[in-house]
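Below is one structure, written out as structure tokens; comments come after it.
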Amino acid sequence: MEYLEEVYFNKNGYYLDLEIAFFEKQILRLEQEFKLEHSEIHYEDISLYDLREYFGKSKNSIGVATYRMQQHFSYPLKYTKDGKVYVKSEGVKWLNEKYFRKSYLKELENYKLALQRAKKIKHNKIVI
């Protein structure tokens, strides 16, 4: 019911942003319940070639995405090393969380499910 109110029936934002916010809130709640330190996704510098595989996108899609990424920053997020063009970890984070949000949402969903499974296992141990 909470999901329906905060995401599905909420007309005050884009559904994908609302869904991401909902999952982030649920994850924080579960982490607090388990007294876990908040887990952030660790990003590393990735080559443009490897970004295609990371996001499952074409060369053109990655090109457009990195162009748009660079428009949001006043300093360069791409650099060349050993003949390859890389995107800094900060840029990879932006691409994941702001541009290719469906992949970020999938990561949030998987992490939330893992926390819920851990909660269920913990609960079952107490019951036994």
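By the 6.0 Å contact criterion, CD on Gln71 is enclosed, its count of non-hydrogen atoms from other residues, nucleotides or ligands being greater than 12. The local environment of CD in Glu107 is crowded, with over 12 non-hydrogen atoms from other residues, nucleotides or ligands closer than 6.0 Å.
In terms of modelled atom types and a separation under 3.5 Å, the side chain of Glu19 and the main chain of Leu105 share no donor-acceptor contact.
Within the 4.5 Å cutoff, side-chain heavy atoms of Glu24 are placed close to those of Tyr104. By the 4.5 Å heavy-atom criterion applied to side chains, Val92 and Leu77 are not counted as neighbours. Residues Val85 and Ser47 fail the side-chain proximity criterion, which asks for heavy atoms closer than 4.5 Å. Within the 4.5 Å cutoff, the side chain of Tyr111 has no heavy atoms near those of the Gln116 side chain. Residues Val87 and Asp45 fail the side-chain proximity criterion, which asks for heavy atoms closer than 4.5 Å.
Nearest approach of Gln70 to Lys78, heavy atoms of both residues: OE1-N, 4.2 Å. Taking all atoms of both residues into account, the shortest heavy-atom contact from Glu6 to Leu18 is O-CB, 4.0 Å.
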*Passes salt bridge (Lys or Arg N to Asp or Glu O under 4.0 Å), Glu2 versus Lys25? Steps please.*
CA-CA 11 Å; Glu2 188 178 351; Lys25 181 178 137 188; 3.1 Å; yes
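A continuous path of hydrophobic side-chain contacts links Tyr14 to Leu95 [ILVMFWY only; heavy atoms under 4.5 Å]. Linking Ile, Leu, Val, Met, Phe, Trp and Tyr whenever their side-chain heavy atoms come within less than 4.5 Å puts Leu108 and Tyr15 in one cluster. Both Ile27 and Leu16 belong to a common hydrophobic cluster when Ile, Leu, Val, Met, Phe, Trp and Tyr are linked at side-chain heavy-atom distances under 4.5 angstrom.
For the residue pair His38 and Glu40, a side-chain donor N or O sits within less than 3.5 Å of a side-chain acceptor on the partner. A donor-acceptor contact under 3.5 angstrom links the side chains of Tyr43 and Glu97, judged on distance only. Between Arg29 and Gln26, the side chains place a donor N or O and an acceptor N or O closer than 3.5 Å (distance only, hydrogens not considered).
Among pairs with a residue in residues 82-94, those fulfilling side chain to side chain donor-acceptor pair (under 3.5 Å) read Tyr75-Glu90, at least two apart in sequence or across chains.
Atom CG of residue Leu30 and atom CG of residue Leu36 lie 9.0 Å apart, to the nearest 0.5 angstrom. How far CG of Asn110 is from CZ of Phe23: 9.5 Å, rounded to the nearest 0.5 Å.
Connectivity analysis of hydrophobic side chains (ILVMFWY, heavy atoms under 4.5 Å, direct or indirect) links Tyr49 to nothing; its cluster partners are none.
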Less than 3.5 Å apart, which donor and acceptor atoms pair up between the side chains of residues 51-68 and the rest of the protein, not counting sequence neighbours?
unit_1	atom_1	unit_2	atom_2	d
Ser58	OG	Ser61	N	3.1
Ser58	OG	Ser61	OG	3.2
Thr66	OG1	Ile62	O	3.0
Thr66	OG1	Gly63	O	3.1
Arg68	NH1	Tyr99	OH	3.2

